Amino acid sequence: MGRLAILFFLFSTLNADDFIEKRDYAKLLYSNPRGIGCNKCHGENGKGNAIALYAQKGKQKILSAPAINNMSKAQFFTALKNPKSVMPRYSLTLEEFESLYEYVSSKK
Ligand code: HEC
């Protein structure tokens, strides 16, 4: 077996539950959840972010997405199932919600 074949063999036997792989997957999902990325509004680390500045009745207003890295799992799930304001509704599986939750919660 050539060196490359051995490397390939090693990679293909890595467990799908491997911690690094799970994190990488969750990170991808966070920025590309079959819709607009969570990161676009909540920031790269889920720490919250200003989305837009606008004026209303002559007053400067700010539309922002809250921090989502410090929530209980129940709060997180409820918010995703029942989005408010400009937050889009996503059709993700329970496993995907779980991954997103673990990913952003690890960014505290
Ligand atoms: C277009 C901007 C936008 C995108 C994209 C977006 N959100 Fe939000 N999200 C918001 C806003 C704005 C709120 C606050 C809603 C409100 O007024 O209660 C929010 C609220 C939340 C909350 C509840 C926060 C709280 O304190 O109650 C969670 C959890 C959340 N978003 C997770 C996500 C995840 C995960 C994704 C990606 C799958 C995502 N959001 C994508 C704008 C966005």
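First listed ligand is number 1; within each ligand, the first listed atom is number 1. Please read all numbers here as calculations on a predicted model, not as lab measurements. Quick note: numbers below take in every heavy atom, side chains included, and nothing from hydrogens, waters or symmetry partners.
- The distance from ligand 1 to the heavy atoms of G37 drops below 4.0 Å at these ligand atoms: 5 (C).
- Note on ligand 1: G35 sits outside its first shell, no heavy atom being nearer than 4.0 Å.
- Closest to atom 17 (O) of ligand 1, if we only count protein heavy atoms, is S85 CB, 3.6 Å.
- Summarising the geometry of Y90 relative to L80, their closest heavy-atom pair is CD1-CD2, 4.4 Å, with the distance given to 0.1 Å.
- Using a 4.0 Å cutoff on heavy atoms, G46 does not count as a contact of ligand 1.
- Taking a cutoff of 4.0 Å between a charged side-chain nitrogen and a carboxylate oxygen, E102 and R23 do not qualify as a salt bridge.
- I51 and I68 fall into different hydrophobic clusters, where Ile, Leu, Val, Met, Phe, Trp and Tyr residues are linked whenever their side-chain heavy atoms come under 4.5 Å apart, directly or through other members.
- With respect to atom 16 (C) of ligand 1, the closest heavy atom belonging to the protein is K84 CB, 3.9 Å.
- Nearest heavy-atom pair across A26 and S99 is CB-O, 3.6 Å.
- The closest protein non-hydrogen atom to atom 5 (C) of ligand 1 is Y90 OH, 3.3 Å.
- Evaluation of the salt bridge (charged side-chain N to carboxylate O under 4.0 Å, His left out) test over residues 79-97, restricted to residues two or more places apart or in two chains, returns R34-E96.
- Below 4.0 Å from some heavy atom of S64 lie the following atoms of ligand 1, by number and element: 12 (C).
- Here the protein heavy atom with the shortest distance to atom 27 (O) of ligand 1 is M71 CE, 3.7 Å.
- Residue K107 places its NZ atom among more than 12 non-hydrogen atoms of other residues, nucleotides or ligands, all under 6.0 Å distant.
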Worksheet item: Between N49 and E44, is a side-chain contact (heavy atoms from CB on, under 4.5 Å) present by the stated rule, with each step listed?
Response: CA-CA 9 Å; N49 208 10; E44 283 316 315; over 6 Å; no
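- Of all non-hydrogen atoms in P88 and I36, the two that sit nearest each other are CG-CG2, 3.6 Å.
- For atom 8 (Fe) of ligand 1, the count of nearby protein N/O/S atoms, taking only those under 2.8 Å, is 2.
- Closest to atom 29 (C) of ligand 1 among all protein heavy atoms lies F76 CD1, 3.5 Å.
- By the criterion of side-chain heavy atoms lying less than 4.5 angstrom apart, applied directly or through intervening Ile, Leu, Val, Met, Phe, Trp or Tyr residues, L94 is grouped together with Y30 in one hydrophobic cluster.
- Each of the following atoms of ligand 1 lies closer than 4.0 Å to a heavy atom of I36: 5 (C).
- Across all non-hydrogen atoms, the minimal contact from H42 to P66 is ND1-O, 2.9 Å.
- Close approach to V86 involves these atoms of ligand 1, each under 4.0 Å from a residue heavy atom: 1 (C), 12 (C).
- Taking the six-membered ring for Trp and thresholds of 30 and 60 degrees, Y101 and F77 have ring planes more than 60 degrees apart, a perpendicular arrangement.
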